[in-house]
Student: 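This is the structure I have questions about; it appears just below.
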Amino acid sequence: MQTEQSLQRSITRLCIQCGLFLLQHGAESALVEELSTRLGRALGMDSVESAISSNAIVLTTIKDGHCLTTTRKNQDHGINMHVVTEVQHIVILAEHKLLDYKGVERRFSQIKPLRYPRWLVAFMVGLSCACFCKLNNGGWDGAVVTFFASLIAMYIRLTLAQRHLHPQITFCITAFIATTISGLLLNLPMFSHTPNIAMAASVLLLVPGFPLINSVADMFKGHINTGLARWAIASLLTLATCVGVVMALTAWGLRGWV
């Protein structure tokens, strides 16, 4: 009996660790619930029940009528689909009986989020914002302005995030810097005829698209509380971005986006 309870305790910890990995790195609530349940059943549990909120997971496993419940606090680690994919792969291996609970535990301990170099992320974000500017009739000169403004802003955003600054403050500072750089460049004589779309495109890197998509997906799939919480966080990030833009426009007396 003690051996069975110890095994159930270990599997319960693995199930909630699975859900925590997913929730911390940007997965939607339905996927968190599904994969944690699939892992528990693959490892021999009769049933796995979970309750997910924006900052915690409560999970219960049932085996031969014996229930075991555990809770873990969630701390956001940023969006990282590499971790989500790795967890999905481990669950599939467990379902095909290629991993036992010790193998799952070992594979979980080896998961490390894939991080690209800051300069590469900043360069690609700057390039994508510049392409958006060009596609919206910003011209090549507008694309150049957007590229440099968004590249510098993204690098600063990543630097601030690495120092664990509050996300709202990070977004506000980044928006201020991006608007300042693009606005001051547009005031130069060589960019005097450049469309103001360059200023708007330079802050596109701050659009919280992933949290907004996940919030809608959660609400459509029945996770109303988690969806509303994610929507509120995304709205606060958008508000912080707007504050940064307005501060830059006011501080430097820049022309608006229109």
Student: Is His96 reaching over with its side chain to a backbone N or O of Leu98, donor-acceptor style, under 3.5 angstrom?
Tutor: no
Student: What is the minimum heavy-atom distance between Gln8 and Thr12, and which atoms define it?
Tutor: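 Closest pair (atom of Gln8, atom of Thr12, distance): O-OG1, 2.7 Å.
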Student: Would you say His89 has more than 12 foreign heavy atoms packed within less than 6.0 Å of its NE2?
Tutor: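 No, not enclosed.
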Student: In the structure I gave you, are the side-chain heavy atoms of Met199 and Thr179 within less than 4.5 Å of one another anywhere?
Tutor: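 A side-chain contact exists here, since the closest heavy-atom pair is under 4.5 Å.
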Student: Salt bridge (Lys or Arg N to Asp or Glu O under 4.0 Å): which pairs involve residues 24-37, sequence neighbours left out?
Tutor: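 Only Glu28-Lys221, Glu34-Arg38 qualify under salt bridge (Lys or Arg N to Asp or Glu O under 4.0 Å).
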Student: What closest approach, in Å, do Gln88 and Leu31 show between heavy atoms, and which atom pair accounts for it?
Tutor: NE2-CD1, 3.7 Å
Student: Donor-acceptor pair, distance only, cut-off 3.5 Å: does the side chain of Asn80 make one with the backbone of His82?
Tutor: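 Yes, Asn80 side chain to His82 backbone: donor-acceptor pair under 3.5 Å.
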Student: So, do Gln110 and Arg107 sit near enough that their side-chain heavy atoms are less than 4.5 Å apart?
Tutor: yes
Student: Could you tell me if the side chain of Ile111 sits less than 4.5 Å from the side chain of Ile90, heavy atoms only?
Tutor: yes
Student: Donor-acceptor pair, Arg41 side chain versus Asp46 backbone, under 3.5 Å?
Tutor: yes
Student: How long is the gap from CG on Asn136 to SG on Cys131, to the nearest 0.5 Å?
Tutor: 11.5 Å
Student: Identify the heavy atoms of Gly138 and Ile197 that sit nearest to each other, and give their distance.
Tutor: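 Minimum heavy-atom contact is CA-CG2, 3.5 Å.
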Student: Transitively linked via ILVMFWY side-chain contacts under 4.5 Å: Met190 with Trp140?
Tutor: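 In one cluster: no.
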Student: Are Leu93 and Ile11 connected, step by step, through hydrophobic side chains (Ile, Leu, Val, Met, Phe, Trp, Tyr) whose heavy atoms are closer than 4.5 Å?
Tutor: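 As far as the 4.5 Å side-chain criterion goes, Ile11 and Leu93 are connected within one cluster.
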Student: Flag yes if more than 12 heavy atoms outside Phe148 fall under 6.0 Å of its CZ atom; otherwise flag no.
Tutor: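 12 or below, so no.
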Student: Taking C-beta and beyond as the side chain, do Gln168 and Leu237 meet within less than 4.5 Å on heavy atoms?
Tutor: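 Yes - at least one pair of side-chain heavy atoms lies under 4.5 Å apart.
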Student: Between Ile57 and Asn74, is a side chain to side chain contact (heavy atoms under 4.5 Å, CB included) present by the stated rule, with each step listed?
Tutor: CA-CA 7 Å; Ile57 300 179; Asn74 173 49; 5.5 Å; no
Student: If you define the side chain from C-beta out and look only at heavy atoms, does anything of Ile181 sit under 4.5 Å from Ser202?
Tutor: no
Student: Flag yes if Phe171 and Ile156 sit in one hydrophobic cluster, no otherwise; membership is Ile, Leu, Val, Met, Phe, Trp, Tyr, and two members link when side-chain heavy atoms are under 4.5 Å apart.
Tutor: yes
Student: What is the minimum heavy-atom distance between Ala251 and Phe176, and which atoms define it?
Tutor: CB-CE1, 4.4 Å
Student: Do Leu114 and Trp119 land in one hydrophobic cluster if side-chain heavy atoms of ILVMFWY residues count as linked below 4.5 Å?
Tutor: yes
Student: Could you tell me whether the side chains of Thr70 and Arg13 share a donor-acceptor contact shorter than 3.5 Å?
Tutor: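 Side-chain D/A pair, Thr70 to Arg13: absent.
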Student: Decide yes or no for Pro113 and His77: does some side-chain heavy atom of the first lie under 4.5 Å from some side-chain heavy atom of the second?
Tutor: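 No. Closest side-chain heavy atoms not under 4.5 Å.
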Student: Nearest 0.5 Å, please: how far is OH in Tyr155 from OG in Ser150?
Tutor: 15.5 Å
Student: Are Ile173 and Met247 co-members of a hydrophobic cluster defined by side-chain heavy atoms under 4.5 Å apart?
Tutor: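 Yes; tracing contacts between hydrophobic side chains, which count when under 4.5 Å, links both residues.
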Student: Is there a side chain to side chain contact (heavy atoms under 4.5 Å, CB included) between Met45 and Ile62? Walk through the geometry before answering.
Tutor: CA-CA 6 Å; Met45 296 296 101; Ile62 303 173; over 6 Å; no
Student: Walk me through it: do Leu254 and Leu184 pass the test side chain to side chain contact (heavy atoms under 4.5 Å, CB included)?
Tutor: CA-CA 8 Å; Leu254 301 173; Leu184 293 179; 4.1 Å; yes
Student: Rounded at 0.5 Å granularity, tell me how far CD in Glu95 sits from CG in Leu39.
Tutor: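 Between Glu95 CD and Leu39 CG, I get 8.5 Å after rounding to 0.5 Å.
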Student: Atom CG in Leu35, atom SG in Cys15: separation rounded to 0.5 Å?
Tutor: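 Reported to 0.5 Å precision, the distance equals 11.0 Å.
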Student: Can you tell me how far apart OG (Ser36) and CD (Glu49) are? Round to the nearest 0.5 Å.
Tutor: 10.0 Å
Student: State, to 0.1 Å, how close Ala198 and Ser182 come at their nearest heavy-atom pair, and which atoms those are.
Tutor: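 Here Ala198 and Ser182 meet closest at O-CB, 4.3 Å.
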Student: For the backbone of Ala143 and the side chain of Thr146, can you confirm whether one donor and one acceptor N or O come within less than 3.5 Å of each other?
Tutor: no
Student: With a 4.5 Å cut-off on side-chain heavy atoms, are Asn137 and Pro195 touching?
Tutor: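 Side chain of Pro195 against side chain of Asn137, heavy atoms only: no contact under 4.5 Å found.
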Student: So does Ile52 get a backbone contact from the side chain of Ser29, meaning a donor-acceptor N/O pair under 3.5 Å?
Tutor: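 Checked: no pair found.
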Student: Looking at Lys134 and Val144, would you say the former's side chain and the latter's main chain have a donor-acceptor pair under 3.5 Å?
Tutor: no
Student: With sequence neighbours left out, write down each residue that passes side-chain hydrogen bond (donor to acceptor under 3.5 Å, both in side chains) with Asp141, or none if nothing qualifies.
Tutor: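 So Asp141 forms a side-chain hydrogen bond (donor to acceptor under 3.5 Å, both in side chains) with Thr194.
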Student: How close do Phe108 and Cys18 get, counting heavy atoms only, and between which atoms?
Tutor: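 Looks like CZ-CB, 3.7 Å.
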Student: Would you mind listing the cluster partners of Met219? Hydrophobic ones only (ILVMFWY), side-chain contacts under 4.5 Å, chaining allowed.
Tutor: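 Joined to Met219, directly or through intermediates: Ile224, Leu228.
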Student: Going through the distances and angles, do Leu120 and Met124 end up as a side chain to side chain contact (heavy atoms under 4.5 Å, CB included)?
Tutor: CA-CA 6 Å; Leu120 179 60; Met124 296 306 297; 4.2 Å; yes
Student: Short question: side chain of Arg157, backbone of Leu205 - any donor-acceptor pair under 3.5 Å?
Tutor: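 Indeed, once roles are kept as given, a pair shorter than 3.5 Å links the two residues.
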Student: Does atom NZ of Lys97 have more than 12 heavy-atom neighbours, drawn from other residues, nucleotides or ligands, at distances under 6.0 Å?
Tutor: yes
Student: Distance check, rounded to the nearest 0.5 Å: Met154 atom CE versus Thr159 atom OG1?
Tutor: 10.0 Å
